[in-house]
Amino acid sequence: IETAVNYRPTVGERLKRMVGRRPNLVYFGGLFIVSASLIAAFIAVSFACGVALSPLLIFSLLAIVPVSDVAVQLLNTIITRIATVRLLPKLDYSEGIDPKYPTFIVVPSMLTSHREANALLARLENHYLANTDSIFSYGLLTDFADADAKNAAGDDEILHTAVAGIQSLNKKYQRQGKAPFYLFHRERRWNAAQGKWMGWERKRGKLMEFGQLLRGSTDTSYDVIEGDVTSLDSFRSTTNRPFVITLDADTVLPRGAAQKLVGTLAHPLNRPVLSKGSHAKVVRGYSILQPRVSIHLNESHKTRYLQVHAVNPGIDPYASAASDVYQDLFRDGSFTGKGIYDLHAFDRTLEEAFPENQILSHDLIEGCHARVALVSDIEVFDGYPGRYDVDARRMHRWVRGDWQISPWLLARVPSACGARKNSLSALSRWKIIDNLRRSLVPVLVLLMLVFGWVFQPSAAWLWSGFAATIVFAPAILQ
């Protein structure tokens, strides 16, 4: 068409097209060039300041990973300015969702107290009030905290609070004979590796067993189910395409967001197409959609720590979408544990994919197997730790989980059935490497400071300035 009308693209349009045609060259080539340039600049400044060669070589080796963090931040900023935001097509379900897409909105969590049970019930009610389509069902996926025995004191009372709450919600909001609220509670099972009675595979186990239960399996650890189980037949019909929206306990699902998520995943161009064989993978389309996650406006002013770390709280009324390097360049996003997934495709791609008791942080590796798209024009809101110690414990869990999935960088990986060939793409492996790289940055920055102050104290200002640049680079580039 452009040739027929003698249209000549502008320089900016040509640049965007070049970036889109060669994503690997642009991203990984650019990362190498930017990292090498920053290291060379640091060496040049150090020489000019009279730093001796031997400590400079050691310091440069320690600086490679931290400098790469600045390079990634800088490159991402440049690419998001250049690349075209890729919005997925959607079906308009604002007037009602097609009945062939029954959808469960679930909150996997733990019942630790009466207060926690009531908070979960209140959150589930809020999800209902904000997204009231008749096709939606709302459920809590729960189990108890780890214990030394299968049953602990107070379990029955806490469970009774949750069951009574679900019954009250169904009585309050029952319409046309449909009771939309459910509780799915799991019993503790003995875990020899942990030496505890606990819920099988924690959150990942909740979702995997929930999928099995929806498909009709009775061999799960869900021993208490409160709600209208006859309505679950719509999820087992061979003519329907069931979806699940999973949210954290503190996630806010805005009005109409669930309809938009269903409309996006239901679009023919986004539906997952699986490969044939015993180890299915998504070859086209997506089985998971990850919405944009922002810090809730009410959260950002609770503590000084939140005011410093909570970035861009609330709704941005001037932007309907945001750029993401992985999505815009490679059409492949990252899963962070909140979003919608195609029940059948999700379960097929992850079936027996992971061994037990080896994965703590499972969101990234699940997304690498099931293929994720970021839908940045659909937003949910989440909480943020209000204190440093809480944030540090959360970061510790994430880092430990990132190193637990490091075996998926190898040619053969563990699975529930033993070792098998690694089917992850090069981009998925890079995402794992990137997380590992990021986890090493604080340690290496500290080592650089100690090494520089001890062996070259005359240039202490240089080492301190370099470390400060690495630490504050993300805030500066924003």
Side-chain angles (χ1 to χ4, degrees), residues 104-129 137-174 179-214 217-229 231-232 244-253 337-338 357 360 362 382-383 385-387 389-390 393-394 397:
F104 237 113
I105 300 175
V106 299
V107 179
S109 189
M110 299 182 73
L111 292 180
T112 56
S113 65
H114 295 279
R115 181 179 179 181
E116 179 67 18
N118 288 323
L120 290 171
L121 292 166
R123 178 65 70 196
L124 199 65
E125 182 179 13
N126 288 339
H127 294 330
Y128 169 83
L129 294 174
S137 300
Y138 310 82
L140 296 178
L141 311 182
T142 64
D143 48 27
F144 292 121
D146 301 357
D148 295 325
K150 185 173 183 179
N151 300 303
D155 284 355
D156 292 341
E157 290 78 6
I158 297 174
L159 183 57
H160 176 74
T161 298
V163 170
I166 292 295
Q167 293 173 345
S168 176
L169 288 174
N170 280 327
K171 183 177 180 180
K172 183 177 180 180
Y173 294 108
Q174 186 172 11
F181 295 95
Y182 294 83
L183 173 71
F184 301 91
H185 182 80
R186 300 196 303 170
E187 65 178 356
R188 293 188 184 94
R189 291 189 173 177
W190 175 250
N191 187 314
Q194 299 290 331
K196 292 284 186 180
W197 289 87
M198 56 187 289
W200 178 75
E201 288 294 292
R202 303 191 185 277
K203 179 184 175 182
R204 186 176 76 85
K206 289 188 183 79
L207 292 175
M208 295 305 295
E209 287 196 299
F210 180 64
Q212 297 168 13
L213 188 149
L214 287 183
S217 173
T218 58
D219 185 23
T220 72
S221 60
Y222 283 107
D223 62 334
V224 176
I225 300 177
E226 177 60 38
D228 183 11
V229 294
S231 297
L232 301 181
V244 176
I245 297 176
T246 177
L247 306 168
D248 288 344
D250 57 351
T251 303
V252 176
L253 187 65
K338 292 166 280 288
N357 300 315
L360 178 66
H362 51 86
D382 217 352
R387 303 196 314 269
D389 59 326
V390 178
R393 286 196 296 269
R394 184 181 71 157
R397 292 195 304 271

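Note: hydrogens, waters and symmetry copies are ignored here, and every other heavy atom, side chains too, is used. Along the sequence shown, the residues carry numbers beginning at 1.
Counting only distance, with no hydrogens or angles, the side chain of Tyr222 and the backbone of Thr142 share no donor-acceptor pair below 3.5 Å. Side-chain atoms of Glu209 come within 3.5 Å of backbone N or O of Ser221 as a donor-acceptor pair. The closest donor-acceptor contact from the side chain of Asn191 to the backbone of Ala193 lies under 3.5 Å. In this structure, the side chain of Arg123 does not engage the main chain of Val252 through any donor-acceptor pair within 3.5 Å. Looking at Arg188, its side chain never comes within 3.5 Å of a backbone N or O of Phe144 through a donor-acceptor pair.
At a threshold of 4.5 Å between non-hydrogen side-chain atoms, the residues Leu232 and Leu213 count as touching. Annotation: side chain of Leu247 is in contact with side chain of His127 (closest heavy-atom distance under 4.5 Å). Contact check for Ser137 versus Ile105: no side-chain heavy atoms found under the 4.5 Å cut-off. Counting only heavy atoms from C-beta outward, the side chains of Phe210 and Pro108 never approach each other to under 4.5 Å. A heavy-atom distance below 4.5 Å is found between the side chains of Asn357 and Glu201. Put simply, the side chain of Lys196 reaches to within 4.5 Å of the side chain of Asp148, judged on heavy atoms.
Summarising the geometry, atom NZ belonging to Lys150 is positioned 15.0 Å from atom CE belonging to Met198; distances are rounded to the nearest 0.5 Å. Note: Glu116 CD to Leu121 CG = 10.0 Å, rounded to the nearest 0.5 Å. Between Leu159 atom CG and Asp143 atom CG the span is 11.5 Å, to the nearest 0.5 Å. Rounding to the nearest 0.5 Å places OG1 of Thr220 at 6.5 Å from CD1 of Ile225. Once rounded to the nearest 0.5 Å, the distance linking OG1 of Thr112 with CD1 of Ile158 reads 6.5 Å. How far CD of Gln194 is from CZ of Arg202: 6.0 Å, rounded to the nearest 0.5 Å.
Within 6.0 Å of atom CG in Asp219, 12 or fewer heavy atoms from other residues, nucleotides or ligands are found, so the atom counts as exposed in its surroundings. Shown here is His114, whose NE2 atom has more than 12 heavy atoms of other residues, nucleotides or ligands within 6.0 Å.
The aromatic rings of Phe181 and Tyr128 lie tilted to each other, with the angle between the two planes from 30° to 60°.
Considering only residues two or more places apart in sequence or on other chains, Lys171 meets the salt bridge (Lys or Arg N to Asp or Glu O under 4.0 Å) condition with none of them. Partners of Arg397 by salt bridge (Lys or Arg N to Asp or Glu O under 4.0 Å), not counting sequence neighbours: none found.
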Is there a side chain to side chain contact (heavy atoms under 4.5 Å, CB included) between Asp382 and Lys338 once you walk through the steps? CA-CA 10 Å; Asp382 217 352; Lys338 292 166 280 288; 3.0 Å; yes

Take Leu120 and Leu111 through the side chain to side chain contact (heavy atoms under 4.5 Å, CB included) test and state the conclusion after the steps. CA-CA 9 Å; Leu120 290 171; Leu111 292 180; 4.1 Å; yes

After noting the C-alpha distance and the side-chain angles of Asn170 and Asp228, does the key distance pass the side chain to side chain contact (heavy atoms under 4.5 Å, CB included) rule? CA-CA 9 Å; Asn170 280 327; Asp228 183 11; over 6 Å; no

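Heavy-atom minimum distance, Leu124 versus Ile166: CD2-CD1, 4.1 Å. Residues Arg186 and Gly205 approach most closely at NH1-C, 3.3 Å, considering heavy atoms. Listed here is the closest heavy atom pair of Val107 and Ala249: CG1-CA, 3.7 Å.
Taking the six-membered ring for Trp and the full ring otherwise, the centers of Phe184 and Phe104 sit less than 6.0 Å from each other.
One finds a salt bridge joining Lys203 and Asp248 here, because a Lys/Arg side-chain nitrogen approaches an Asp/Glu carboxylate oxygen to under 4.0 Å.
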